[in-house]
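One-based numbering, in listed order, for ligands and for the atoms of each.
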Amino acid sequence: MNIFSEQYAQQMDQNDPLKKYRSQFKLDDPNLIYLDGNSLGALPTETPDKINDVIHNEWGNQLIRSWNQGWYTRSQEISAKIAKLIGAQPDEVIITDSTSVNLFKLAYGALKLQNEKTEIVSDELNFPSDIYLLQGLIEMFGNKHKLNLAKSTDGISVSMAELKNQINKNTALVTLSHVVFKSAFMYDMQKVTQLAHGHNALTLWDLSHAVGAVPLELNQWNADLAIGCTYKYLNGGPGSLAFLYVRKDLQEKLQQPIWGWFGEHNPFEFGLQYRPAEGIRKFLAGTPPMLSLSAIEPAVDILLNAKMKNIRTKSVEQINYFIDLFEQELAPLGYKLGTPKNAKKRGSHISLKHPEAYRICKALIDPNIESKVIIPDFREPDNIRFGITPLYTTYTEIYEAVKQLKNIIVKTYYLKFSDQKDDVT
Ligand SMILES: *Cc1c(COP(=O)(O)O)cnc(C)c1O
């Protein structure tokens with residue numbers, strides 16, 4: 001059977017062992033194909049009820065008593081579930097603040113601990129916020145550090161050889177996104193960590209596009225520090241709290257720059273001299289937002305139930321399918337693959353490049369072009385990014401997306417749109 005046919009895609013969907021999970025997300029618009037999982041994951045159907053209960057019962061009825069009826073420990077309970085998802089111990093992970101703030105806190109701790117070293121390594125494919133935070137830290141530490149960005153020759157990946165060039169005995173910290181936000185290139189965390197440790201450098205991994213998307217074994221891979229986002233593949237809702245991971249033996253050694261009362265040894269003693277808490281709680285600063293925190297749990301439960309191994313199997317298969325369709329139907333129309341073809345080197349999204357990427361995205365989203373609205377992400381300068389979320393992405397949706405990508409060029413629909421950019425792309 002021709003793989004570029006609705007029947008083929010439907011047959012793949014029928015045989016999909018994860019198909020039952022889609023109904024656990026509120027994706028009930030039959031004309032919408034949502035392929036933006038890695039900027040804002042879809043809403044789990046359980047979340048509104050959960051939040052309603054927190055609002056009406058825990059806040060409305062129980063009021064302040066709720067702090068002793070579950071609120072104070074809720075962060076640790078959900079953190080323990082995220083720990084399971086990333087191959088860490090429950091007392092090595094804590095949900096708090098935003099990804100950006102957590103990167104600041106952990107990178108500060110690492111630079112302070114490695115006080116005598118003066119180089120930081122990241123790469124030029126990293127998320128700009130991560131780079132800005134490092135630049136800010138360098139300024140805070142009195143401009144004694146040099147930031148070395150590993151280069152990418154193809155705009156998609158960074159080689160181990162290039163990292164070897166950048167990491168040396170003067171490297172204090174190596175901080176990278178495990179899965180790169182544009183291209184989906186995925187580092188071998190274990191190998192890079194080994195390389196860094198060979199030069200006594202610490203590693204800090206940004207798991208924003210990896211957690212819930214690929215299996216992670218932070219303990220086994222000997223990772224030192226990590227941070228990650230919960231509104232992408234963890235479906236925690238817009239601007240939901242992030243998490244951080246500090247390997248057990250580093251928790252005592254690492255200093256936290258934000259000395260807030262939630263990270264204090266005993267906040268309710270209200271003493272006037274800060275003493276850091278023991279363990280992972282030290283990395284907290286202030287009161288957790290309970291509404292937002294409670295929304296993180298439903299999708300984490302679904303992921304644990306479905307198992308990352310199964311999710312990965314389907315993700316690899318779906319992206320392979322997307323790439324096969326791309327080669328057959330889209331490559332002849334000026335599209336280029338912006339993602340590694342080798343499944344071992346990529347996460348769970350796929351980028352296509354096209355000189356008209358912005359207008360193509362506009363046409364995909366416009367309800368008047370084809371029968372379905374397709375929501376991808378546009379990423380400067382020429383990337384159309386599709387998040388593949390095996391819990392709810394279907395093969396039929398991938399087929400439909402490729403069909404529209406083809407028609408938008410063949411039938412020149414993209415010419416109907418201006419290339420003036422919106423505020424948020
Ligand atoms: C999404 C993302 C962030 C987001 O940071 P916020 O503080 O939540 O805005 C940071 N780093 C990477 C790599 C991301 O993909």
**Study point:** Contact list for residues 98-126, test ring-ring contact (aromatic ring centres under 6.0 Å, His included), sequence neighbours left out
**Key:** Tyr108-Phe141
Review point. How about Tyr274 and Trp259: are their ring centres within less than 6.0 Å of each other?
Key: yes
**Study point:** Gln62 versus Asn57, side-chain donor and acceptor atoms under 3.5 Å
**Key:** no
Check your understanding: Using a 4.0 angstrom limit on heavy atoms, which residues are close to ligand 1?
Key -> Ser98, Thr99, Ser100, Phe127, Asp130, Ser177, Asp206, Ser208, His209, Tyr231, Lys232
Point to revise | Residues forming a ring pair (Phe, Tyr, Trp, His ring centres under 6.0 Å) with Tyr335, sequence neighbours excluded | key: His354
Study note, to complete from the structure: Contacts satisfying ring-ring contact (aromatic ring centres under 6.0 Å, His included) that involve residues 372-401 (not counting sequence neighbours) are Phe4-Tyr399, Phe25-Tyr392, Tyr321-Tyr395, Phe322-Phe386, Tyr358-Phe378
Check your understanding: With respect to Ile384, which candidate in Ile360, Leu35, Ile350, Ile374 satisfies the side chain to side chain contact (heavy atoms under 4.5 Å, CB included) definition?
Key -> Ile360
